[in-house]
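The structure appears below as structure tokens.
Letters A, B, ... mirror the listed sequences (proteins, then strands); counts begin at 1. Just so we're clear, the structure is a prediction, and the values are computed from it rather than from any experiment.
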Amino acid sequence: MADAVQTWLPGLQISARRSASRGLKQFLRHRSTIAFLMCLPLMIIIAALVIYPAFYSIYLSMLNKAQTRLVGLGNFTFLLSRDVFWMVVQQTAIFALTAVFFKALIGLVTAHLINNLPARGQRKWRGMLLVPWVIPLALSSLAWWWLFDPTHSAFNWIITGLGFHEIPWLSDPYWARFSVILVNVWYGAPFFLIMYLAALKSVPEQLYEAAAIDGANAWQKFRHITLPMMRNIIAITVLFSLIVTFANFDIVQIMTAGGPRNMTHVFATYAFMLGIRSGDLPLGAATSLFMFPILGIAAIFILRGVRKRGREIG
Amino acid sequence: MAEVALRNVVKRFDEVEAVRSINLDIPDNEFVVLVGPSGCGKSTTLRMIAGLEEVTAGDIYIGGEIVNDLPPKDRDIAMVFQNYALYPHMTAFENMSFGLKLRRFPKDEIKRRVDNAARILDIAELLDRKPKALSGGQRQRVAMGRAIVRNPKVFLFDEPLSNLDAKLRVQMRTEIKRVHQMVKTTTVYVTHDQVEAMTLADRVVVMNGGAIEQIASPHDLYHNPKTRFVAGFIGSPAMNFIRCHMEQNGAGLRARISDKISLPVPASLTARYQPHSGKALILGLRPEHLTEPRRSDRDQNCEFDITLDVVEPMGMETMVYFTVDGQEICGRVDPGSAKGPGEVMRLHANMNHMHLIDPQTDAVL
């Protein structure tokens, strides 16, 4: 009997091992498993670099300056009671909305111009107009800073050469706001250009032909065909740009560092000033967290419209 | 309502001549179909009439007026596109009324016209739907409605049924014919489907390689083709082209298609073909004129035995394929008399419907 068991057991072990390896093979062969495994590295990176810091900053925002005890929503209520914070909210809104509006407008106009060029010329212009978006932003911001610089400003050199007064590009609060918005528009418009150009190319040519036969002129074609057909791309591009512009840091930090008199600060630079420069990390974290609900609400509204139109147009 | 005329119209795309000096007169209210294979220039011709393509040379007249330099909107034409070209963000009503809205028609007039067109096309209950919520056939009706409401001088159709399935295509074909009978307007219709051309047209224009091969009524085109291309293009299955040698047989003629088979030319056609006696020609015979021997047209001289290669039962009739001297020939026989592949079958050639084609010029003699 014992002999029988002994001879029987190794066979069982081998077959169990075989079935286990077959099961693993089958599990690995599942398309969903492969997809999950291929996404896993990205999920780990997102977890490590986005989710963990996000939760950590929420935790951080609820600590006192020395990070020794929890103060609940103390940092938030403190910020809400400060005039400078409200000024930053206002400035960020002005900065983001104005910059996104002009980026969208310039992107739309240039996309139309390029789309109407002959195919050969299009590639050249498309390449040239994409340059601002390709150059590292820190470098191009520095170049702009030199152009605006009070003593060596190339712009002022031209303006005074034409007989006008010098403009205090970065020292006057309102000109400084204008300057940072200008650079942001210069940097971001090519993104809109390329997105709108792709959207324009996806509008079937026959719709324009049908409109031409229906009696539409160029403006009517744009208003009744192009714009409605591009609405989803416009909405998504605006949302994406709004998020990036709202959270902009480098342009403002390099050109004005939030000055003069805090009048060009946006959320990111203000949070940096409070958290890093002034050493109050929890207050900095609380400031940056204010961006979340604002962008979240914008995203919900915009994406709801996109989904609705997507269902209708298909 | 207006007549359309094309005078020596040429269209060149860089080096390629898509349309070669064509002339065409379409009287008021006529339904003309441009038919031909892909790349024959039929769509380009239609687009030139619409004003969507510029004319390289020649003149296009609509209602007696040269329209070469007029934009599409000023030509008073309406067009139905192959893929419907409905505005996806507009409802069926908005699609149909768009042209009228741009022309600043009063609202009640727009509604009256759209409702009228919707009634003709039986789409009244679909007017508040967007194109995505419509089936292919319904979209095509809306596209036609968009053309009808304008009450234009000329209707242009660019392969409007190509995107529909076979059953719906037949249904919509009848629909188009019905609409044309109700709304009498000069119509130019482009298709590559010769059945569509034959069933819809008052006159068919057969195009090939950018030129017009023949303009004729469907009946005339079928029975009296002018060229080998037309003879082969019109009719399904296509006409058989069989190499033959015209032989003198006393006072008559015979067309020899192989060592064993020689078919007599009917007396009524002998005088016509007499000058071609002794020449190597091509005999054109449609499948329906190669049948099993029938009592009514029994002529022993026109009968011959063949071995069947392929048999295709179609229900109402059966297509039989066989080879003579290396040439594949198709016959159309009664399903009851068809035999199986490999079997010998006796066939009768109705030579009263024969065509003779000159292999050098491809002209029908």
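By the 30° and 60° cut-offs, the orientation of the rings of B/F157 relative to B/F31 is parallel.
At a 4.5 Å heavy-atom cutoff, B/L156 makes no contact with chain A through either its backbone or its side chain. For B/L52, the part sitting under 4.5 Å from any heavy atom of chain A is the side chain, from C-beta outward, and nothing else. With a 4.5 angstrom heavy-atom cutoff, B/R75 does not touch chain A via any of its atoms. For B/D74, no part lies under 4.5 angstrom from a heavy atom of chain A.
Atom CZ of A/F301 sits in a sparse spot, with 12 or fewer heavy atoms from other residues, nucleotides or ligands closer than 6.0 Å. More than 12 heavy atoms of other residues, nucleotides or ligands sit less than 6.0 Å from atom CZ of B/R178. Within a 6.0 Å sphere centred on CE of A/M128, heavy atoms belonging to other residues, nucleotides or ligands number more than 12. Crowding of A/F249 atom CZ: a count of heavy atoms from other residues, nucleotides or ligands under 6.0 Å exceeding 12.
Note: B/K73 leads B/K73, B/M79, B/Q82, B/R47 in heavy-atom pairs under 4.5 Å with chain A. Among B/Y84, B/F98, B/Y87, the residue with the largest count of heavy-atom pairs under 4.5 Å with chain A is B/Y87. When B/P71, B/P131, B/P72 are compared by the number of non-hydrogen pairs under 4.5 Å with chain A, B/P72 comes out ahead.
Between B/K101 and A/D214 there is no salt bridge, since none of the side-chain N atoms of the basic residue sits less than 4.0 Å from a carboxylate O of the acidic one. By the 4.0 Å N-to-carboxylate-O rule, B/K153 lies too far from B/D28 to be salt-bridged with it.
A side-chain donor from one of B/Y189 and B/E196 sits under 3.5 Å from a side-chain acceptor of the other. Checking B/T91 against B/D128 by side-chain atom types alone, no donor-acceptor pair falls below 3.5 Å.
Tested against B/V205, the residues B/I22, B/T45, B/L34 include a single side chain to side chain contact (heavy atoms under 4.5 Å, CB included) partner, B/L34.
Of residues 133-143 of chain B, no residue lies under 4.5 Å from chain A by any heavy-atom pair. Within residues 198-213 of chain A, the residues approaching chain B closer than 4.5 Å by heavy atoms are, in numerical order, A/Q206, A/L207, A/E209, A/A210, A/A211, A/A212, A/I213.
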Show, in sequence, the C-alpha distance, side-chain angles and deciding distance for B/N116 and B/R119, and conclude whether the side chain to side chain donor-acceptor pair (under 3.5 Å) test is met. CA-CA 5 Å; B/N116 188 38; B/R119 192 176 42 76; 2.3 Å; yes
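Not a single donor-acceptor pair under 3.5 Å links the side chain of B/H192 to the backbone N or O of B/V35.
A/H112 has its ring centre less than 6.0 Å from the ring centre of A/F222.
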